[in-house]
Amino acid sequence: MAVAQFTFDRIEAIESASTPSAVLLEIQRTAADFGLSCFMTGFVPAPHKPFEPYILLHNWPLAWFKRYMDNAYMDIDPVIRKTRNTFEPFAWSEAAYDRGKDPLAHKVMCEATEFRLRAGYTVPLFTRSGDQGGMTFGGERFEASPDAKKALHLIAIYGHGKARAIAMARQRTVAATPKLSAREIEVLKWCAAGKTNSAIADILLVSETTIETHIARACRKLDCMNRTHAVAEAMRARLIF
Amino acid sequence: MIELISGVLPGENPLLEQAFRLRHSIFVEERGWEVLRRPDGREIDQFDDEDAVHELALHDGAVVGYHRMRPTTRPHLLGDVHLHLCEREYPRSRLVWEWTRYCVHRDRRGGSVLGGIGSELLLAAMEWCLERGIQDVVLEPHPGWIAFFMTLGFKVRPLGLPTEIGGEPVIAVQMHFDEDVLVQTREICSGYRHDVMDDLRPRSVAKISKRKAAGGKS
């Protein structure tokens, strides 16, 4: 009962988080409660495809992350292999491989221990598009109690879901952001700095009418009423800082 | 095509009899829920009474998909038999219904069927509920469904932790949805290639990879 309530509370915290780092902290906190120091979540690409764009969120040891990506270890990692082939969560120790026949798989698992990743738990996840995703938790030891497994299973579902939702919302924002010309951005930056149109004209060595045209065009692209509105909108869309 | 049958008892409706046989072929023969096995090949339980709303997907006159809905204010599977799956207050209300026995005929899963029988059943259930002001349902699916429903826009609240019934992983959940979720589900499901149920069946992985391998050779 206590584990259930604890898990529900953590899920609520994940759900109400609004930034990737807030989600990361919540997942990290829960993993730590079960003795696991780090986690990674994302999608599993087809074999021999680059892995990195598929990662949504992680706090993996950076040196290991880099070595793993640089050497395309996802293609030989027995944990990834098992993630592709099962629907049920599993402890890393269950991702069996034959040391003799599969020395590469053994190599990855051994190298991971240099970064204090000796044990872990992986939750494969599937989404509506049939994308294969998952979350994996790692650490020095994993005492795979039924409670820990259940809690981590749910945290993985909700943590991955939230990380994915945030990533998708960002993608939409980027796609929906109108394109301003370099000159329009420059003019809006001077507007944001409090300059009048004639002052900006003097700075950029053009006529005031040209400045007015740039602002009018930026307003049209951003669907704004006036220069103040356009400055605010451009800042929100991170076109100017 | 979706057909709704309610207010009847087993034996009273020929289409419903077909649905019971479909349920038997999937839940007993395919998924191995031996407790439900019956010599007459009809899977029927105590919840197939007049309170049940049976949703049937028909194709060429044959029942190819099925789904059952029951009000939580009447006896039902999760609230009365599997209540041990729940570890927080159980939402028993006239406006909360239970969804059970969702299934699609083996030959009609996934693949080329535009929209898919599974999507049709899901959309019909959502429409039926929303028309009656019902925005919450309880069910006990494989935990993998949570991610699926969340991507459709459902607010999925776990009522317990993942556990197992007869060796199959399940979790009790309450799901909230509204018109916007219906619109989004429709949009997503009309172009839906994988059948909802297939996404969670290990054997379909083998099927898909075989198909891919075949495609690679040709």
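Everything quoted here is computed from the prediction, not taken from an experiment. Sequence lines set the chain letters: A, B, ... in the order given, protein chains first and strands last, and positions in each chain run from 1.
- Shown here is A/Glu140, whose CD atom has more than 12 heavy atoms of other residues, nucleotides or ligands within 6.0 Å.
- Nearest heavy-atom pair across B/Gly160 and A/Leu154 is O-CD1, 4.0 Å.
- Across all their heavy atoms, A/Tyr158 and B/Pro158 have their closest contact at OH-CD, 3.2 Å.
- In B/Glu89, the CD atom is not crowded: 12 or fewer heavy atoms of neighbouring residues, nucleotides or ligands sit closer than 6.0 Å.
- Counted within 6.0 Å of CG on A/Asp98, heavy atoms from surrounding residues, nucleotides or ligands total more than 12; the atom is thus considered enclosed.
- Taking all atoms of both residues into account, the shortest heavy-atom contact from B/His142 to A/Phe87 is CE1-O, 4.2 Å.
- Counting heavy-atom pairs under 4.5 Å between each of B/Ile146, B/Leu161, B/Val156 and chain A puts B/Leu161 at the top.
- Under a cut-off of 6.0 angstrom, the local environment of CZ in B/Arg38 is crowded, with over 12 non-hydrogen atoms contributed by other residues, nucleotides or ligands.
- Rounded to the nearest 0.5 angstrom, B/Glu164 CD and A/Glu88 CD are separated by 7.5 Å.
- At a 4.5 Å heavy-atom cutoff, the contact between B/Pro169 and chain A is made by side-chain atoms alone.
- For the atom pair A/Glu12 CD and B/Arg157 CZ, the distance stands at 7.0 Å (nearest 0.5 Å).
- Contact between A/Ile157 and B/Ala147 at its shortest, heavy atoms only, is CG2-N, 4.1 Å.
- No more than 12 heavy-atom neighbours from other residues, nucleotides or ligands sit within 6.0 angstrom of CZ on B/Arg94.
- Inter-residue side-chain proximity for A/Arg164 and B/Thr151 is flagged as met; some heavy-atom pair is nearer than 4.5 Å.
- A 6.0 Å sphere centred on CZ of B/Arg37 holds more than 12 heavy atoms belonging to other residues, nucleotides or ligands.
- In this structure, A/Lys150 NZ and B/Glu87 CD are separated by 7.0 Å, a value rounded to the nearest 0.5 Å.
- Distance check, rounded to the nearest 0.5 Å: NZ of B/Lys155 to CD of A/Glu15 gives 4.0 Å.
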